[in-house]
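Here is the structure we will look at, set down as structure tokens.
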Amino acid sequence: MVLDGDTLRLPGGERVRLAAIDTPERGRPLADRATALLTSLAGGGPVELVPADPPRDRYGRLLADVRIGGLSASEVLVGAGLAWVYIGGDERLGALQAAAVDAGVGVHGRYGRVAGELFVVTSRRFHRDRCPVLGGVARREATTDVASLFKSGRSPCRTCLRWPP
């Protein structure tokens, strides 16, 4: 059973979170499309879990690359622009994300909504300038180029920048 764009529940009740990616949260633009795509994939054949390292997230969910009918659900979602990759994810996901950014598909077609806004860049994420998370974080740089941030593998801050806009 699919719970949202990046989380499934196995028949035994255990929750599985797709490793190395994030999709729009419920109520955000394109969240329904990400959930629908994962639901469609889930009906497409046998499910194989390739455990991640670490094997669980801070909420106790199993982290895994979910392969359905031989397809990586993460790769399909990222390629469709309905998920973004956490920095340090595998190179294949990074390449798929760069292609989705270049094509302007899914979440990557919404950059105009934040055009001209300055984002503070940390080692893994980008933030709005007044983000409370930045209090003790070393600031690396600032930019208005959201596409380059996604291409570099950075993801939007979950505190100050609910994505997509």
Problem - Any side-chain donor near an acceptor of the partner, Asp65 and Ser72, under 3.5 Å - result: yes
Handout entry: Any donor-acceptor N/O pair, Arg67 side chain to Val50 backbone, under 3.5 Å
Key = no
Practice task
Go through the steps to decide whether Asp102 and Lys151 satisfy the test salt bridge (charged side-chain N to carboxylate O under 4.0 Å, His left out), and finish with yes or no.
Solution key: CA-CA 9 Å; Asp102 288 341; Lys151 280 182 153 184; 2.5 Å; yes
Problem - Within one Ile-Leu-Val-Met-Phe-Trp-Tyr cluster: Val47 and Val16, side-chain cutoff 4.5 Å - result: yes
Problem - Shortest non-hydrogen separation from Gly79 to Ala100 and the atoms involved - result: O-CB, 4.1 Å
Problem - Residue pair Pro51 / Leu63, side-chain heavy-atom distance below 4.5 Å - result: no
Exercise for the section: Assess whether side chain to side chain contact (heavy atoms under 4.5 Å, CB included) is satisfied between Leu8 and Arg15, documenting all intermediate values. Expected result: CA-CA 6 Å; Leu8 302 101; Arg15 288 181 178 206; over 6 Å; no
Problem - Leu41 vs Val2 side-chain heavy atoms within contact, under 4.5 Å - result: no
Handout entry: Hphob cluster co-occupancy, Leu10 + Leu71, side-chain heavy atoms under 4.5 angstrom
Key = yes
Problem - Interatomic distance, Ile21 atom CD1 to Leu77 atom CG [nearest 0.5 angstrom] - result: 5.0 Å
Fill in the blank from the handout: Smallest heavy-atom separation, Thr159 atom then Pro132 atom, equals CG2-CG, 3.9 Å
Practice task
For residues Arg28 and Pro24, report the shortest heavy-atom separation together with the two atoms involved.
Solution key: CB-CB, 4.1 Å
Exercise for the section: Check whether any side-chain heavy atom of Arg92 lies under 4.5 Å from a side-chain heavy atom of Glu75, and answer yes or no. Expected result: yes
Handout entry: Side chains of Arg128 and Val120 in contact at under 4.5 Å (non-hydrogen atoms)
Key = no
Practice task
Please determine if Asp22 and Arg158 form a salt bridge, counting it only when a charged side-chain N lies under 4.0 Å from a carboxylate O.
Solution key: yes
Handout entry: Student check: side-chain heavy atoms of Val78 and Trp84 closer than 4.5 Å
Key = no
Exercise for the section: Would you check, one step at a time, whether the test side chain to side chain contact (heavy atoms under 4.5 Å, CB included) holds for Leu118 with Thr143? Expected result: CA-CA 5 Å; Leu118 187 65; Thr143 184; 5.6 Å; no
Problem - Derivation of the side chain to side chain contact (heavy atoms under 4.5 Å, CB included) call for Phe150 and His108 - result: CA-CA 9 Å; Phe150 275 107; His108 308 297; 3.8 Å; yes
Exercise for the section: Decide side chain to side chain contact (heavy atoms under 4.5 Å, CB included) for Arg125 and Arg154; before the verdict, give the C-alpha distance in whole Å, the side-chain angles of both, and the deciding distance to 0.1 Å. Expected result: CA-CA 5 Å; Arg125 299 206 183 256; Arg154 289 181 173 85; 5.8 Å; no
Practice task
Report the distance from atom CG of Leu134 to atom SG of Cys160, rounding to the nearest 0.5 Å.
Solution key: 6.5 Å
Exercise for the section: State whether the side chain of Arg110 and the backbone N or O of Val114 hold a donor-acceptor pair below 3.5 Å, judged by distance alone. Expected result: no
Practice task
Answer yes or no: are there more than 12 heavy-atom neighbours, outside Asp145 itself, under 6.0 Å from its atom CG?
Solution key: yes
Handout entry: Minimum side-chain heavy-atom gap Leu49-Val66 below 4.5 Å
Key = yes
Practice task
Please check if Ile68 and Val76 belong to a single hydrophobic cluster, counting links between Ile, Leu, Val, Met, Phe, Trp and Tyr side chain heavy atoms closer than 4.5 Å.
Solution key: yes
Exercise for the section: Inspect the contact between Arg61 and Glu14 and indicate whether a charged nitrogen and a carboxylate oxygen are less than 4.0 angstrom apart. Expected result: no
Handout entry: Plane angle bin for Phe119 and Phe126 - parallel if under 30°, tilted between 30 and 60°, otherwise perpendicular
Key = perpendicular
Exercise for the section: May I ask you to check whether Thr7 and Asp4 show a side-chain donor-acceptor distance below 3.5 Å? Expected result: yes
Problem - Side-chain donor or acceptor of Glu141 paired with backbone N/O of Val121 under 3.5 Å - result: no
Problem - Same apolar cluster (I L V M F W Y, side chains within < 4.5 Å links), Leu38/Leu62 - result: yes
Exercise for the section: Indicate yes or no: does Glu25 engage Arg162 in a salt bridge with an N to O separation below 4.0 Å. Expected result: no
Handout entry: Thr23 and Thr35, any side-chain heavy atoms less than 4.5 Å apart
Key = no
Problem - Taking every non-hydrogen atom, the tightest pair across Thr144 and Gly116 - result: CG2-O, 3.7 Å
Practice task
Report yes if the side chains of Leu93 and Ser74 come closer than 4.5 Å at any heavy-atom pair, otherwise no.
Solution key: yes
Exercise for the section: Decide if atom CZ of Arg124 counts as having more than 12 heavy atoms of other residues, nucleotides or ligands within a radius under 6.0 Å. Expected result: no
